Number of protein chains: 2
Amino acid sequence: MSEKIYNIAVEATMEVIGGKWKPIILCNLRHGAVRPGELRRLIPGISQKMLTQQLKELESSQIVKRTSFNEVPPRVEYSLSEYGESLSEVMDSLCDWGKLHIQTLKNNGKSVCLLQD
Amino acid sequence: MSEKIYNIAVEATMEVIGGKWKPIILCNLRHGAVRPGELRRLIPGISQKMLTQQLKELESSQIVKRTSFNEVPPRVEYSLSEYGESLSEVMDSLCDWGKLHIQTLKNNGKSVCLLQD
DNA sequence: CGGCATCCCTATTGATACTG
DNA sequence: CAGTATCAATAGGGATGCCG
């Protein structure tokens, strides 16, 4: 089997949390387990397909944990794994800088708006 | 003109530093100004077009500064702007977690290799 | 409700060749 | 050396319908 080669460490990070939806999903899981339906409401614009797909990828990276309850109607919850918790500093800094950046844009007269947080 | 709406702060961050190449470029600019040719050597796999394009986007986000010297042959340097320096904690945490992740993969018997750092 | 499969489209990317 | 233009290939993503 061929060896996976990273030229620089940040590549490995982006491979796991990169992409359009993963950082947003991870932010929304930081305060506890959430059901898929709830995630769809929390993340305007995401489709069923993308949500499921991205969650599966995060699950296979061991970042996210899927819990299925045998109930009717079926219930599923997603939450950060213990390993996923190791990303909290990363997510914090990403969120913090985002807030700084939005403020900077406003100070420069840009018309910007932040709904959550 | 329409207002830009972010649902969550991390979206604003990813809009600026997201994508396949931007985090790698920014990492390589953290220790001072670098010429485009040097960047191409530091970033295996990137094309001329992608490098120029991503640098222009980072420049228009005020993250990166372009300096042109009137010499023959022409010389250009890219470096982090003062505003770009505000990303250093973000980049640090991204790099640090990448190293942790690569080590974790190794500990799990995966065949992984990190060239730089 | 949560997940999967299919079709389809467009935005991103890469290869190549060319200009100042 | 730095940057541009063009075209072709691809991956990412949306809409829909079906299944447990």
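Hydrogens, waters and symmetry mates play no part in the numbers below; they use all other heavy atoms, side chains included. Chain letters run A, B, ... following the sequence lines, proteins first, then strands; residues in each count from 1. All figures in this text were calculated on a predicted structure; none of them were measured in a lab.
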Does A:Glu89 CD have over 12 foreign heavy atoms under 6.0 Å away? no
Suppose the criterion is ring pair (Phe, Tyr, Trp, His ring centres under 6.0 Å): which pairs have a residue in residues 87-117 of chain B, not counting sequence neighbours? A:Tyr83-B:Trp97, A:Tyr83-B:His101, B:Trp97-B:His101
Contact residues, residues 32-43 of chain B to DNA chain D [heavy atom, < 4.0 Å]: B:Arg35, B:Pro36, B:Gly37
Just how far, in rounded Å, is C1' of D:dT4 from NZ of B:Lys56? 8 Å
Measure from the side-chain heavy atoms of A:Thr52 and tell me the nearest of D:dG13, D:dG3, C:dG3. C:dG3
Bend angle of the helix from C:dC1-D:dG20 to C:dG20-D:dC1, from helix axes over five pairs at each end, nearest 10°: 50°
Please report the distance, rounded to the nearest Å, between CG in A:Leu58 and P in C:dG3. 13 Å
In a check of side chain to side chain contact (heavy atoms under 4.5 Å, CB included) between B:Val34 and each of B:Asn28, B:Leu29, B:Ile25, which one passes? B:Leu29
Listed pairs, N/O of protein and of nucleotides 14-16 of chain C, under 3.5 Å:
from: C:dG14; atom 1: OP1; to: B:Lys20; atom 2: NZ; distance (Å): 3.0
from: C:dG14; atom 1: OP2; to: B:Trp21; atom 2: NE1; distance (Å): 3.4
from: C:dG14; atom 1: N7; to: B:Lys49; atom 2: NZ; distance (Å): 3.3
from: C:dG14; atom 1: O6; to: B:Lys49; atom 2: NZ; distance (Å): 2.2

Looking at A:Ser68 and A:Val76, would you say the former's side chain and the latter's main chain have a donor-acceptor pair under 3.5 Å? no
A:Leu55 has an atom CG; how far is it from atom P of C:dC1, in whole Å? 17 Å
Residue met sooner reading DNA chain C from 5', once B:Gly19 and A:Tyr78 are mapped to nucleotides: A:Tyr78
Would a 4.5 Å heavy-atom cut-off, applied to side chains only, mark B:Gln48 and B:Thr52 as touching? yes
Specify the separation, in whole Å, of atom CD of B:Gln53 and atom P of D:dT6. 15 Å
Looking only at atom types and distance, does a side-chain atom of B:Ser81 sit under 3.5 Å from a main-chain N or O of B:Gln62, one as donor and one as acceptor? yes
Sub-4.0 Å heavy-atom contacts from residues 61-72 of chain A onto DNA chain D, ordered by number: none
Quick one: do the A:Tyr6 and A:Glu15 side chains pair a donor with an acceptor below 3.5 Å? yes
Send over the distance from A:Ile24 CD1 to D:dG13 C1', rounded to a whole Å. 14 Å
Residue list, salt bridge (Lys or Arg N to Asp or Glu O under 4.0 Å) with B:Arg75, at least two apart or on another chain: B:Glu71, B:Glu77
To the nearest angstrom, the CG-P distance between A:Leu51 and C:dC1 comes to 14 Å
Run the salt-bridge test on A:Lys22 and A:Glu57 with the 4.0 Å N-O cut-off and return the result as yes or no. yes
Atom pair distance, as rounded to whole Å: CD in B:Glu15 and P in C:dA11: 16 Å
Test item: A:Ser79 side-chain N/O and A:Ala33 main-chain N/O as donor-acceptor pair under 3.5 Å: no
Could you walk me through whether A:Glu38 and A:Arg41 pass the salt bridge (Lys or Arg N to Asp or Glu O under 4.0 Å) check? CA-CA 5 Å; A:Glu38 173 92 3; A:Arg41 289 191 304 99; 2.4 Å; yes
Rounding to an integer number of Å, can you tell me how far A:Glu77 CD sits from C:dC1 P? 16 Å
Within a strict 4.5 Å, meaning less than it, do heavy atoms of the B:Met91 and B:Ser88 side chains meet? no
